[in-house]
Amino acid sequence: MKLLKIADVEKCVGCGLCMYACSRKNVKDLHIGIGHSGIRAVSLSGFERGATVIFCHACKEPPCAEVCPTNALKPRKGGGVIFSEKLCLGCGNCISACKIGAIFEREDGKIAVCIHCGYCVDFCPHGVLKVVEV
Amino acid sequence: MIDSILSINLTDYSYEVESREDLIERWIGGIGLATQLFKERMKDLKADPLSEKNVIVFAIGPFTPAYPYASKTVSVFKSPLTNEFGESHGGGRTAMAIASAGYSAIVIEGVSDKPVYVVIDGEKVYFKDGRSLKGIRDSLILARILAEIEKGRGIRSIIRAGYAGERLVRFACITTETYRHFGRLGLGAVFGSKNLLALVVMGKKSYKTDNPRLYREVYKEIYRLGVESDAMRKYHLIGTAENVLPLNEMRALPVKNLTEFQTECEDISGETLAETRLGRRIACSHCPTACIHIATLREEYEEEKYFYKTLMIGYDYELIYALGSMIGVTEKDSLLRLIHKVESYGLDAISTGVCLAWATEAFKRGIIDVDETLTPLDFGDWRAYMEAIDNLVFQPNEFYRSLAKGVRFASQKYGGQEFALAIAGNEIPGYNTGFSVYFGLLIGMRHSHLDNAGYSLDQKHPDLKPENAVERLVREEMWRQVLSSLVVCFFSRNIYTPQLVSKAFNALAIEMSEDELIKKGEEIYMEKLKLKKEMGYKPSVGDIPERILNISTPAGKLNEKRFETALEYYMQEYWERF
């Protein structure tokens with residue numbers, strides 16, 4: 001089973017290519033832009049302090065899944081969650097439950113969360129991200 | 001394809017959204033679209049650029065947010081510096097944020113009665129009280145405050161004028177995120193005149209294509225060209241600052257107001273800065289190259305030992321030229337202090353440096369004295385320049401009020417026009433490479449080296465006949481209309497060939513042949529040219545200062561006749577035909 005991990009977060013330049021990649025990952029439901037991204041590149045109080053990325057760090061007991069009323073989020077073997085988009089009501093409970101802020105609200109009110117597919121790693125030009133097998 | 005245009009009226013705090021598929025189909029997007037919107041909305045082309053009649057357009061293109069390097073936004077306005085067509089491009093996250101908000105363009109009209117900032121969150125626009133934010137003297141601080149009080153971390157862009165814009169310095173810039181700018185031609189002053197402190201733009205929209213598989217393939221191809229080929233090598237390594245040493249070596253580096261072309265510049269070279277001061281790299285959104293070079297300057301408190309502040313200062317070639325060699329500053333930390341000051345105030349670095357260089361020469365020649373400059377100016381005296389920059393912004397006397405209107409204005413008033421180094425009113429960039437760069441500045445639509453890359457033409461073909469130089473400059477500028485309609489960063493121009501652009505359109509399910517692209521480039525060029533004419537501009541050799549007309553360059557000594565011959569040809573073949 002794959003997990004997306006940080007290789008070296010200090011190398012992040014904030015280009016956001018991971019976000020665009022995430023929106024593009026599913027060729028059958030491809031989105032151009034960043035609105036469906038489960039990963040986010042942010043500056044640290046302005047770019048003079050640098051940049052970092054935020055994404056699901058695969059909790060063993062994911063609180064987001066516990067507060068999901070519809071089982072749209074279910075714990076995934078090896079950590080993190082499995083997301084069933086069609087079950088998501090857009091209640092936002094999971095967004096509040098995730099203390100690292102790694103669940104994002106989409107335009108349609110549903111959520112975007114990292115599913116640890118690793119598609120973004122191939123588009124991170126500076127070695128910030130990596131995929132490990134667990 | 002995004003076809004919504006957001007129009008914001010600051011006079012009555014209203015806004016509306018309309019679909020303009022017609023304009024986008026005809027004019028691509030970016031500069032093609034912005035030019036048309038500006039034409040439609042700017043009712044009086046002769047209006048004072050600092051009056052409420054001026055209109056600002058920000059536009060992105062069909063490749064935003066689809067492809068890497070489509071990271072730029074185009075702005076169009078009437079320039080308070082040149083009093084004619086104003087166009088300036090900026091990076092950062094602005095393009096991404098405008099696309100995510102769901103717009104192809106944002107038009108800003110009118111003037112606010114009180115200081116405001118405007119938050120655009122998708123379909124909603126909020127006019128927010130900016131009274132307590134007025135008067136903040138550091139554009140970095142203003143952005144930090146806005147970042148804390150507004151939402152949208154990671155998906156927004158904070159586009160703001162600095163204190164120089166508030167004070168209506170006519171070459172005040174707009175800063176976006178940190179370190180990227182709509183730098184040239186005074187958009188900051190237009191914001192200031194509208195009582196507009198900042199725009200905060202965000203949204204969550206994304207888009208579809210009917211060719212998802214092809215789209216992913218083309219995307220990958222562009223990405224690979226960007227990170228694996230040599231196309232972006234210069235920007236990936238030392239960055240634009242790489243130019244310092246070679247230009248100096250070939251005697252093309254403007255030094256001390258272009259009285260010299262070579263100096264001891266090892267300490268301010270891209271290589272030295274990279275080895276000794278480079279502290280971080282950052283990128284515009286959707287750019288794998290990350291050309292933004294940030295230097296670290298560690299400074300001890302003046303009065304206290306073992307207390308340090310650490311400043312992060314973005315640098316590029318143009319800043320090293322304008323605030324370095326052009327004013328005789330050749331020590332890196334002095335240069336960085338000047339860059340930081342200019343960045344904090346939100347001034348255009350090139351215009352500031354050229355203004356200071358002219359003031360120094362005028363002072364040394366006795367045309368002006370300390371009653372005007374308030375501090376004695378001398379090339380290399382960075383402390384005096386720190387004071388002079390404060391004075392440019394605060395404008396405590398008539399001299400600085402004039403200099404804040406640009407070097408052309410100040411020299412018309414005080415003298416020394418022959419060495420006031422603006423062409424058509426825009427202060428010159430740092431390439432004394434030959435005829436084409438200077439002629440390119442004269443005929444370029446925004447009088448910028450980025451219009452047509454004359455500096456590159458000079459180096460590749462130093463001996464071109466004037467007519468041939470004109471043809472090549474105009475052809476290049478026409479193609480650049482396509483790039484800035486898409487809108488892609490000019491640094492990626494070797495990736496975005498007509499063939500690849502056509503293919504990338506195809507992946508977005510839009511038919512666009514190479515021939516059609518080239519034709520559209522010509523048409524957009526002509527539209528801008530017509531607009532400039534209507535705004536009252538007409539190129540003349542008199543727009544070029546005497547010092548440049550007869551200057552020595554690596555491509556030989558220039559002479560007025562050559563400029564005249566070229567201009568005659570240009571007027572006949574282009575200007576008068578449309």
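Keep in mind that the numbers below use all heavy atoms, side chains included, and drop hydrogens, waters and symmetry copies. Residue numbers start from 1 in every chain, and the chains themselves are labelled A, B, ... in the order their sequence lines are given, proteins ahead of strands.
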Trainee: Step by step, work out the side-chain contact (heavy atoms from CB on, under 4.5 Å) result for Lys204(B) and Asp108(A).
Mentor: CA-CA 9 Å; Lys204(B) 293 173 182 165; Asp108(A) 61 5; over 6 Å; no

Trainee: Is any side-chain heavy atom of Val27(A) less than 4.5 Å from a side-chain heavy atom of Arg216(B)?
Mentor: yes

Trainee: Is the count of non-hydrogen atoms from other residues, nucleotides or ligands lying under 6.0 Å from Glu123(B) atom CD greater than 12?
Mentor: no

Trainee: Could you tell me the separation between the OG atom of Ser43(A) and the CD1 atom of Ile282(B), rounded to the nearest 0.5 Å?
Mentor: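 Nearest 0.5 Å value for the OG-CD1 distance: 8.5 Å.
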
Trainee: What closest approach, in Å, do His126(A) and Thr289(B) show between heavy atoms, and which atom pair accounts for it?
Mentor: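 Closest pair (atom of His126(A), atom of Thr289(B), distance): CE1-O, 4.4 Å.
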
Trainee: Just so I understand: if I count every heavy-atom pair under 4.5 Å between each of Cys124(A), Gly46(A), Ala41(A), Gly16(A) and chain B, which residue has the most?
Mentor: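 Counting heavy-atom pairs under 4.5 Å, the top option is Ala41(A).
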
Trainee: Is there any residue in residues 228-240 of chain B with a non-hydrogen atom under 4.5 Å from a non-hydrogen atom of chain A, and which ones are they?
Mentor: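 If one takes a 4.5 Å heavy-atom cut-off, the residues of residues 228-240 of chain B near chain A are His236(B).
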
Trainee: Is it the backbone or the side chain of Phe123(A) that comes under 4.5 Å from a heavy atom of chain B, or both, or neither?
Mentor: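 Both backbone and side chain.
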
Trainee: Tell me, for Cys18(A) versus chain B, whether the close heavy atoms (under 4.5 Å) come from the side chain, the backbone, both or neither.
Mentor: neither

Trainee: Checking Leu508(B) against chain A: side chain, backbone, both or neither under 4.5 Å from a heavy atom?
Mentor: side chain

Trainee: Do Glu48(A) and Arg144(B) come within less than 4.5 Å of each other through their side chains, counting heavy atoms only?
Mentor: yes

Trainee: Which value, rounded to the nearest 0.5 Å, describes the distance between Thr178(B) atom OG1 and Arg49(A) atom CZ?
Mentor: 9.5 Å

Trainee: Sequence neighbours excluded, which residues qualify as ring-ring contact (aromatic ring centres under 6.0 Å, His included) partners of His36(A)?
Mentor: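 Partners of His36(A) by the ring-ring contact (aromatic ring centres under 6.0 Å, His included) criterion, ordered by chain and then number, come out as His31(A).
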
Trainee: Would Asp122(A) and Arg224(B) pass as an ion pair if we require N to O under 4.0 Å?
Mentor: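 Not counted as a salt bridge, because no side-chain N and carboxylate O are separated by less than 4.0 Å.
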
Trainee: Are the ring centres of Tyr179(B) and Phe47(A) closer than 6.0 Å?
Mentor: no

Trainee: Which heavy atom of Gly33(A) sits nearest a heavy atom of Pro65(B), and at what distance?
Mentor: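 It is CA-CG, 3.6 Å.
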
Trainee: Contact between Arg213(B) and Leu30(A) at the side-chain level, heavy atoms closer than 4.5 Å - yes or no?
Mentor: no

Trainee: Please state whether the side chain, the backbone, both or neither of Tyr67(B) comes within less than 4.5 Å of a heavy atom of chain A.
Mentor: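 Neither; nothing under 4.5 Å.
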
Trainee: Between Arg280(B) and Glu10(A), is the closest basic N to carboxylate O distance under 4.0 Å?
Mentor: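 Answer for the salt bridge query: no.
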
Trainee: Between Gly279(B), Pro212(B), Gly314(B), Pro288(B), which residue shows the highest count of heavy-atom pairs closer than 4.5 Å to chain A?
Mentor: Pro288(B)

Trainee: Once you round to the nearest 0.5 Å, how far does CZ of Arg281(B) lie from NZ of Lys11(A)?
Mentor: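 Here the interatomic distance stands at 13.5 Å.
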
Trainee: So, taking the atom named OG1 in Thr64(B) and the one named CD1 in Ile32(A), what distance separates them when rounded to the nearest 0.5 Å?
Mentor: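 Going from the OG1 atom of Thr64(B) to the CD1 atom of Ile32(A) covers 11.5 Å.
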
Trainee: Is any side-chain heavy atom of Tyr215(B) closer than 4.5 Å to a side-chain heavy atom of Arg24(A)?
Mentor: yes

Trainee: Kindly give the heavy-atom pair with the smallest separation between Cys15(A) and Cys287(B), and that separation in Å.
Mentor: CB-O, 3.1 Å

Trainee: Just how far is it from atom OG of Ser285(B) to atom CG of Leu17(A), taken to the nearest 0.5 Å?
Mentor: 8.0 Å

Trainee: Against chain A, label Ala99(B) side chain, backbone, both or neither, depending on which of its atoms sit under 4.5 Å from a heavy atom there.
Mentor: neither

Trainee: Could you walk me through whether Lys208(B) and Asp29(A) satisfy the salt bridge (charged side-chain N to carboxylate O under 4.0 Å, His left out) test, starting with their C-alpha distance in whole Å, then the side-chain angles of each, then the deciding distance to 0.1 Å, before giving a yes or no?
Mentor: CA-CA 8 Å; Lys208(B) 292 277 185 184; Asp29(A) 184 28; 2.6 Å; yes

Trainee: Taking ring-ring contact (aromatic ring centres under 6.0 Å, His included) as the definition, give me every residue that meets it alongside Tyr20(A), ordered by chain and number, with sequence neighbours left out.
Mentor: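 ring-ring contact (aromatic ring centres under 6.0 Å, His included) check on Tyr20(A) returns His286(B).
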
Trainee: Mark yes when over 12 heavy atoms from residues, nucleotides or ligands other than Lys110(A) sit less than 6.0 Å from its NZ; otherwise mark no.
Mentor: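 Yes, because the 6.0 Å sphere around NZ of Lys110(A) holds more than 12 heavy atoms from other groups.
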
Trainee: Nearest 0.5 Å please: distance from the OG atom of Ser206(B) over to the CZ atom of Arg106(A).
Mentor: 8.5 Å

Trainee: List the residues meeting ring-ring contact (aromatic ring centres under 6.0 Å, His included) with Phe55(A), not counting sequence neighbours, and say none if there are none.
Mentor: none

